[in-house]
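Take a look at the structure below.
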Amino acid sequence: MHRCLLIVLANVLASCATTAGYEKLLSSWVGAQEIDLVRSWGPPIQSYETGGRKFIVYSSSRTVYLPGSAPSYQTTVIGNTAYTNAVGGSPPMNIGKSCTTTFELDGSKVVSWSYKGNDCKAKLPRQ
């Protein structure tokens with residue numbers, strides 16, 4: 001239980017630390033041309049148009065393996081008998097990480113963005 005709480009806390013802190021940087025990166029694309037965005041980010045995985053606007057979507061996902069931790073052992077002696085019990089420890093686990101970012105375009109210019117996911121991190125700055 002303790003290890004799970006630490007994992008959740010670490011993920012929350014990590015996402016807080018990267019959110020501002022990711023949002024700053026996305027905001028730097030507002031006003032940019034679609035061709036420049038695609039040159040930097042690569043081809044989008046999806047695009048669609050509605051109401052005279054175009055939306056292009058980028059997505060990534062990965063799995064992070066967290067190894068388990070071994071328990072510690074506590075031995076209690078009662079009379080002539082020793083009792084040893086495992087305390088703590090945790091099993092290994094896989095955690096899914098993903099990020100989906102959508103850019104809205106008016107004509108060929110980026111006008112806004114949105115994102116969702118637990119792995120949205122700043123990419124290399126555009127050049």
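Residue Ala82 comes nearest to Thr75 through the heavy atom pair CB-CG2, 4.1 Å, listed as atom of the first residue, atom of the second, then distance. Looking at every heavy atom in both residues, Tyr22 comes nearest to Ala122 through CD1-N, 3.6 Å. Minimum heavy-atom separation, Lys54 to Ser47: CE-CB, 4.3 Å. Of all heavy-atom pairs between Thr100 and Ser59, the closest is OG1-OG, 3.3 Å.
From Leu37, atom CG reaches atom CH2 of Trp29 across 5.0 Å, with rounding to the nearest 0.5 Å. Here Cys120 contributes atom SG and Lys97 contributes atom NZ; the two are 10.0 Å apart, rounded to the nearest 0.5 Å. To the nearest 0.5 Å, atoms OH (Tyr115) and CD (Glu23) are separated by 3.5 Å. Distance check, rounded to the nearest 0.5 Å: CD of Glu104 to OG1 of Thr50 gives 10.0 Å. Between atom CG of residue Leu105 and atom OG of residue Ser112 there is a gap of 8.5 Å, rounded to the nearest 0.5 Å. To the nearest 0.5 angstrom, Leu26 atom CG is 5.5 Å from Thr101 atom OG1.
Note on Val38: it clusters hydrophobically with Val30, by side-chain heavy-atom contacts below 4.5 Å among ILVMFWY residues.
The 12-atom threshold is exceeded at CD of Gln33, counting heavy atoms of other residues, nucleotides or ligands nearer than 6.0 Å.
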Next item on the list: Could you walk me through whether Cys99 and Lys121 pass side chain to side chain contact (heavy atoms under 4.5 Å, CB included), step by step?
Entry: CA-CA 8 Å; Cys99 182; Lys121 297 180 180 178; over 6 Å; no
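Judged purely by atom type and a 3.5 angstrom limit, Asn118 uses its side chain to pair as donor or acceptor with the backbone of Ser98.
The residues Asp36 and Arg39 are annotated as salt-bridged, a charged nitrogen and a carboxylate oxygen being separated by less than 4.0 angstrom.
Among the candidates Trp41, Trp113, Tyr48, the single residue satisfying the ring-ring contact (aromatic ring centres under 6.0 Å, His included) test with Phe103 is Trp41.
Under the 3.5 Å distance criterion, with hydrogens and angles disregarded, no donor-acceptor pair is assigned to the side chains of Glu34 and Ser108.
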